[in-house]
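Here the structure comes first, spelled out in structure tokens, and everything after it is commentary.
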Amino acid sequence: MAQTVVPHYVNDKGVDRIKVGVKEFQCMGASPPFDHPHVFLDMGSGTQLVCPYCSTLYIYDPKLAAEETEPEGCVYVATEPAGA
């Protein structure tokens with residue numbers, strides 16, 4: 001079974017909208033320890049989606065890669081193993 005990494009996005013900057021380059025991702029709200037439950041979001045055939053926890057509006061921009069956002073710096077990268 002092939003596995004893909006689902007990008008995790010955070011809104012530490014407190015912006016109302018984030019442009020992303022994928023339609024399936026997880027919203028964390030903010031970086032730990034201030035994160036909300038990590039919710040999987042799928043835009044389907046649409047181009048916009050609002051996180052039901054933090055109300056961040058995510059907008060699909062096909063010019064962006066999975067690790068890019070507008071504004072910059074909204075991709076969460078784990079620096080420790082889970083449970084560390």
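We use all heavy atoms of the structure for the numbers below, so side chains are in, but hydrogens, waters and symmetry mates are not.
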Is it possible for you to say whether V22 and V15 belong to one hydrophobic cluster, with membership spreading through side-chain heavy-atom contacts below 4.5 Å?
yes
Working to the nearest 0.5 angstrom, can you tell me the gap between M43 CE and Q48 CD?
8.0 Å
Minimum-distance pair of heavy atoms, taken over all atoms of A66 and V75
O-CG2, 4.3 Å
Can you tell me how far CD of E70 sits from CD1 of I59, rounded to the nearest 0.5 angstrom?
10.0 Å
Listing request: all ring pair (Phe, Tyr, Trp, His ring centres under 6.0 Å) pairs with a residue in residues 28-47, at least two apart in sequence or in separate chains.
H36-Y53
How close do D61 and K19 get, counting heavy atoms only, and between which atoms?
OD2-CD, 4.0 Å
Checking E72 now: which residues fulfil side-chain contact (heavy atoms from CB on, under 4.5 Å) with it, not counting sequence neighbours?
none
NZ/K23: more than 12 non-hydrogen atoms of other groups inside 6.0 Å
yes
Could you check whether any side-chain N or O of T69 sits under 3.5 Å from a backbone N or O of C74, counting only pairs where one atom can act as donor and the other as acceptor?
yes
A side-chain contact here means heavy atoms from C-beta on lying under 4.5 Å apart; do Q26 and V39 qualify?
no
N/O donor-acceptor pair under 3.5 Å between D16 side chain and T56 backbone:
no
CZ (R17) and CG (L57) are apart, to the nearest 0.5 Å, by 5.5 Å
So, for C27 and L41, which heavy atoms are closest and what is the spacing to 0.1 Å?
CB-CD1, 3.9 Å
I'd like to know if V77 and L64 are part of one continuous hydrophobic network [Ile/Leu/Val/Met/Phe/Trp/Tyr, side-chain heavy atoms within less than 4.5 Å].
no
For F25, check ring-ring contact (aromatic ring centres under 6.0 Å, His included) against everything at least two apart and list the hits.
Y9, Y58
